[in-house]
Amino acid sequence: MRFSIVTAFPEYFDAFLNTSIVGRAVKEGKIEIDIVNLRDYAINSYGQIDDYSYGGGGMVIRPEPLYNALKSIKSEKSFVVYTSPQGVVFNQDTVEALAAKDHVILICGHYEGIDERFAEKCVDLEISIGDYVLTGGELPAMVIVDAVSRLVPGVVGRGEAVLEDSFYRGMLDHPHYTRPSVWCGLEVPEELVSGDHEKTARWRRRQAVVRTLKRRPDLLARANIRPYLSQGVYVMLVHHPVLNKDGKTVTSAVTGLDLHDISRSCMTYGINKFIVVTPLKSQQEMVCKIVNHWEKASEGLNPMRSEALSLLKAFDSIEDCLAWIEKKEKKKPLTVATTAKKRAGALPVFELKRILLERDLPVCILFGTSWGLADEVFSGVDVVLSPILGGKGDYNHLSVRSAVAILLDRLFGWR
């Protein structure tokens with residue numbers, strides 16, 4: 001990956017390019033960093049690159065030297081970034097987006113900034129590293145290069161270290177300790193010195209949860225929380241008791257399309273079991289027949305479909321299913337009901353993520369077929385979720401297959 005940094009103060013970068021991880025990556029050819037001296041493109045022999053601001057104020061970098069410097073290094077694959085207090089706030093999403101570019105050009109502002117015409121004509125993205133003002137764009141440029149470089153293969157010696165970084169998976173990192181094992185009367189947590197790798201991994205995941213909930217709960221909106229839940233997650237598709245269009249309690253029919261599509265969503269998002277609840281033996285037999293067909297699939301059929309449908313299991317009732325989960329997990333599951341209608345006390349997905357992380361219990365998410373779960377179901381669950389809403393006002397008639405996929409992505413998808 002290549003970076004080009006356009007600056008009026010190239011000496012800022014001398015130590016940066018020759019020390020630590022970035023310096024080593026440059027020497028090893030993992031990344032390339034070019035420093036472009038803006039004064040080489042000055043408008044006169046005096047090295048002038050700035051002028052007074054129209055309307056009064058301080059000095060502003062003129063558009064001509066910026067444009068000429070940019071022309072000397074830009075190609076069709078270049079992506080131009082201007083470091084500015086008015087830019088989008090730099091975060092891990094931006095880091096990952098920039099890491100996907102072949103060539104990132106960083107324009108360092110100074111004084112009162114750069115001429116707005118150049119920004120409008122030539123800049124692809126303005127980035128701010130925080131809500132404060134610095135004397136120039138050189139420090140933000142270093143921050144951007146450092147953060148993006150970590151995602152370039154080979155730059156960080158231990159690749160999995162990047163995956164463990166704060167924000168990479170949407171959560172804060174766990175605490176770190178080193179020798180001595182006792183310092184000022186404070187001991188290293190027992191889990192870390194036990195020699196039990198699984199015990200250590202569980203402790204680290206839990207501490208990442210505790211730290212995120214305490215310090216940055218806002219991060220949960222973009223985090224995939226599935227790796228941080230130590231208990232099982234179950235999806236239940238309820239065919240009884242559900243409502244028909246007249247509001248009466250009925251038993252709906254199982255459809256093959258629901259089974260196939262929801263199974264694939266469950267496999268994608270790490271669900272332990274996809275459970276179908278129907279008291280009708282003929283419907284349960286149909287579920288078993290579909291599963292058996294794919295388990296014994298002859299050569300040429302899709303093996304990934306077989307893997308997804310292996311998650312399927314049928315029960316006579318919601319109560320039987322929850323009892324089976326409790327026996328399997330050795331804990332009573334947290335039950336979550338979904339609905340397409342507004343109900344008092346319903347919680348948003350963000351709040352459910354927080355609850356799941358805090359309680360760390362097995363969870364079973366109930367989806368109704370036909371016209372939704374019967375009222376009696378809602379009185380027996382722990383959490384009711386707010387309806388999934390889009391941009392069409394109160395219109396809310398998603399298929400259950402779509403609702404499952406959307407909700408699982410909001411809970412367990414990467415942002």
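A pairwise comparison of heavy atoms in Leu229 and Leu356 identifies CD2-O, 3.6 Å as the closest pair. In plain terms, the two heavy atoms of Val145 and Ser149 that are nearest each other are O-OG, 2.6 Å. The minimum heavy-atom distance linking Ser84 with Glu126 is given by the pair OG-OE1, 3.1 Å. Closest approach of Tyr228 and Leu357 over heavy atoms only: CB-CD2, 3.9 Å. For Arg211 against Asp173, the heavy-atom pair with the smallest separation is CD-O, 3.3 Å. Asn244 approaches Ser370 most closely through the heavy-atom pair CA-OG, 4.0 Å.
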Compile the donor-acceptor pairs under 3.5 Å between side chains in residues 13-22 and protein atoms, sequence neighbours left out, one pair per line.
unit_1, atom_1, unit_2, atom_2, d
Asn18, ND2, Asp14, O, 2.7
Thr19, OG1, Ala15, O, 2.8

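Glu326 places none of its side-chain heavy atoms less than 4.5 Å from the side chain of Lys331. Here the side chains of Ile61 and Leu38 are in contact, with some heavy-atom distance below 4.5 Å. Residues Leu237 and Ile275 are not in side-chain contact: their nearest non-hydrogen atoms beyond the backbone lie 4.5 Å or more apart. Residues Tyr177 and Pro175 are in side-chain contact: their nearest non-hydrogen atoms beyond the backbone lie under 4.5 Å apart. The side-chain heavy atoms of Glu138 and His110, taken from C-beta on, include a pair separated by under 4.5 Å. Between Met59 and Tyr52, the closest side-chain pair of non-hydrogen atoms falls below 4.5 Å. For the pair Trp203 and Pro189, the minimum side-chain heavy-atom distance is below 4.5 Å. Considering only heavy atoms from C-beta on, Val155 stays 4.5 Å or farther from Arg150 through its side chain.
Rounding to the nearest 0.5 Å gives a distance of 8.0 Å between CD of Glu191 and CD of Gln207. Distance check: Ile144 CD1 to Thr94 OG1 gives 9.0 Å after rounding to the nearest 0.5 Å. Lys327 NZ to Leu322 CG: the interatomic distance, rounded to the nearest 0.5 Å, is 15.0 Å. In this structure, CD on Gln231 lies 9.5 Å from CG on Asn272, to the nearest 0.5 angstrom. Remark: Leu259 CG to Ile290 CD1 distance equals 5.0 Å, nearest 0.5 Å. To the nearest 0.5 Å, atoms CG (Asp146) and CZ (Phe3) are separated by 9.5 Å.
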| field | Leu347 and Leu352: CA distance, side-chain angles, deciding distance, side chain to side chain contact (heavy atoms under 4.5 Å, CB included) verdict | value | CA-CA 7 Å; Leu347 300 178; Leu352 176 61; 5.8 Å; no

| message | Evaluate Ile271 against Phe412 for side chain to side chain contact (heavy atoms under 4.5 Å, CB included), listing each step before the verdict. | response | CA-CA 10 Å; Ile271 304 305; Phe412 309 126; 3.9 Å; yes

| Given the rule in the side chain to side chain contact (heavy atoms under 4.5 Å, CB included) test, do Glu32 and Met1 qualify, once you have shown the distances and angles that lead to the verdict? | CA-CA 6 Å; Glu32 181 182 346; Met1 184 175 185; over 6 Å; no

| said: The test is side chain to side chain contact (heavy atoms under 4.5 Å, CB included); show your working for Val277 and Met236 and say whether it passes. | reply: CA-CA 7 Å; Val277 170; Met236 184 192 299; 3.6 Å; yes

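Salt bridge status for Arg117 with Glu120: absent, with no side-chain N to carboxylate O gap under 4.0 Å. Ion pairing between a basic and an acidic side chain is recognised when a charged N comes within 4.0 Å of a carboxylate O; Arg2 and Asp102 show no such pairing. Salt bridge annotation for Asp93-Arg222: present, with a cationic side-chain nitrogen under 4.0 angstrom from a carboxylate oxygen. Between Arg205 and Glu198 there is a salt bridge, since a side-chain N of the basic residue sits under 4.0 Å from a carboxylate O of the acidic one. Between Glu190 and Lys199 there is a salt bridge, since a side-chain N of the basic residue sits under 4.0 Å from a carboxylate O of the acidic one.
Taking the centre and axis of the six-membered ring of Tyr269, the NZ or CZ atom of Arg264 falls outside the cone set by 45° and 6.0 Å. Judged by the 6.0 Å and 45° rule, Arg343 forms a cation-pi pair with Phe378.
Atom NE2 of His397 is surrounded by more than 12 heavy atoms from other residues, nucleotides or ligands within 6.0 Å. For NZ of Lys332, the number of neighbouring non-hydrogen atoms (other residues, nucleotides, ligands) closer than 6.0 Å is 12 at most. Other residues, nucleotides and ligands place more than 12 heavy atoms under 6.0 Å from the CG atom of Asn44. Shown here is Tyr46, whose OH atom has no more than 12 heavy atoms of other residues, nucleotides or ligands within 6.0 Å.
Paired with Phe90 under the rule side chain to side chain contact (heavy atoms under 4.5 Å, CB included), one option of Val81, Leu98, Thr83 passes, and it is Leu98.
In this structure, a donor-acceptor pair under 3.5 Å is present between the side chains of Ser402 and Ser399. A donor-acceptor contact closer than 3.5 angstrom links the side chains of Asp360 and Ser230. Using modelled atom types and a 3.5 Å distance limit, the side chains of Thr369 and Ser252 yield a donor-acceptor pair. Residues Tyr111 and Ser53 bring no donor and acceptor atom of their side chains to less than 3.5 Å of each other. Under the 3.5 Å distance criterion, with hydrogens and angles disregarded, a donor-acceptor pair is assigned to the side chains of Arg305 and His260. If you check the side chains of Glu329 and Tyr234, you find a donor sitting under 3.5 Å from an acceptor.
Although no hydrogens or angles enter the test, the distance criterion places a donor-acceptor pair under 3.5 Å between the side chain of Lys353 and the main chain of Arg410. The backbone N or O of Thr278 sits less than 3.5 Å from a side-chain atom of Gln284, completing a donor-acceptor pair. A side-chain donor-acceptor contact under 3.5 Å links Asn396 to the backbone of Ala340. For the pair Asp409 (side chain) and Ala405 (backbone), a donor-acceptor distance under 3.5 Å is absent.
Aromatic rings from His103 and Phe79 are positioned such that their centres are separated by 6.0 Å or more.
Applying the ring pair (Phe, Tyr, Trp, His ring centres under 6.0 Å) test to residues at least two apart or on different chains, the pairs with a partner in residues 323-374 are Phe315-Trp324.
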